[in-house]
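To keep things clear, I will list the structure first and then write my remarks on it.
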Amino acid sequence: MCFRTKNSKTFNQLEDRFKARFLTPEWYTPDVFNAFTFPVTPVITNDRNDVIQGFSWGLIPYWAKDTNIRKSTFNARLETLAQKPSFKPSLLKRCLVLADGFYEWKWLDPKGKSKQKYLLTLPEEESFAFAGLWNSWTDRNTGEILNTYTIITTAANELMSEIHNTKKRMPVIMTPKAEKDWLSGGELVMQNDHLEGVVCE
DNA sequence: CCAGACGTTGTT
DNA sequence: GTCTGG
DNA sequence: CCAGACGTTGTT
DNA sequence: GTCTGG
């Protein structure tokens, strides 16, 4: 599903758009992030919404004994969030995952032998936020603290059903008003209707 | 009741 | 820590 | 939660 | 039908 995101904005552009500051901007450079490498990417959390922090993709619940669970917590299904032991402790630990694009692969045949890569963006590659949840995990051996997040997914809309045609899922996209509501503990309002899909090379 | 899971959907 | 499959 | 048990205690 | 072991 949503395993690869794109951040093309500079840290100054992110600060202006999201009305928040990097404490230390040097860790961030615009890039494409692959979930399977657990990249540190820019997020804004509910408890410090004036700051852009670097959290690692792949949520680890605080109770985990090790980090193995991460490989399956890149995404969290919106429909079942409240029932899952891994996400329940994070229901009010909300975050914005800052981005301006993500990638999906359309299967061109029933077996997926041939695939077409698509980049999904808003018009003009405007910045947006994925709806996310976060948690802090302490390594019992080293005492190291790891801040991690997951991206919430929902049923694919019409466009995404065409592109992500095997799983019919898509990440929850938010624009400014919904971002505030989400961070402050309110309802999740998604703005998934303005996405555009562009075929990649 | 307890042991074992706890999660989602690709290998770009 | 809490849920669930057996 | 469900499958499987669900009972007692000699010898002539 | 209800209890209980797994």
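- Within the nucleic acid shown, A35(A) has no heavy atom closer than 4.0 Å to any nucleic acid atom.
- Here the nucleotide nearest the side chain of F3(A), chosen from dC3(C), dT9(B), dT8(B), is dT9(B).
- Counting to the nearest Å, the C1' atom of dT9(B) and the CE atom of M170(A) are 16 Å from each other.
- No option in E124(A), K6(A), R17(A) other than K6(A) meets the side-chain contact (heavy atoms from CB on, under 4.5 Å) test with D100(A).
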Strand DNA chain B as a dot-bracket string - pairs counted if Watson-Crick or G-U with both distances under 3.5 Å, | where the partner lies in another strand: ||||||......

Test log, rule side-chain contact (heavy atoms from CB on, under 4.5 Å), inputs C95(A) and Q53(A): CA-CA 10 Å; C95(A) 65; Q53(A) 305 180 70; over 6 Å; no

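- Among the heavy atoms of the strands, none lies under 4.0 Å from R70(A).
- With a 6.0 Å radius and a threshold of 12 heavy atoms from other residues, nucleotides or ligands, E158(A) has its CD atom at or below the threshold.
- An aromatic stack links W105(A) and the base of dT12(B), using centre distance under 5.5 Å and interplanar angle under 30°.
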side-chain contact (heavy atoms from CB on, under 4.5 Å) between L81(A) and L133(A), intermediate numbers included: CA-CA 10 Å; L81(A) 273 183; L133(A) 298 176; 3.8 Å; yes

Stepwise side-chain contact (heavy atoms from CB on, under 4.5 Å) check, L183(A) with L96(A): CA-CA 8 Å; L183(A) 282 189; L96(A) 309 178; 4.0 Å; yes

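- A salt bridge between K19(A) and E179(A) is absent, with no side-chain N of the basic residue lying under 4.0 Å from a carboxylate O of the acidic one.
- Minimum atom distance to the side chain of N75(A) is reached by dT8(B), of the listed dT11(B), dT8(B), dC3(C).
- DNA chain B is contacted by both L81(A) and N34(A); L81(A) maps to the nucleotide lying nearer its 5′ end (nearest heavy atom per residue).
- A sub-4.0 Å separation between OP1 or OP2 of dT11(B) and a side-chain N or O of R4(A) is absent.
- If you check every strand for non-hydrogen atoms under 4.0 Å, K84(A) touches sugar and phosphate atoms only.
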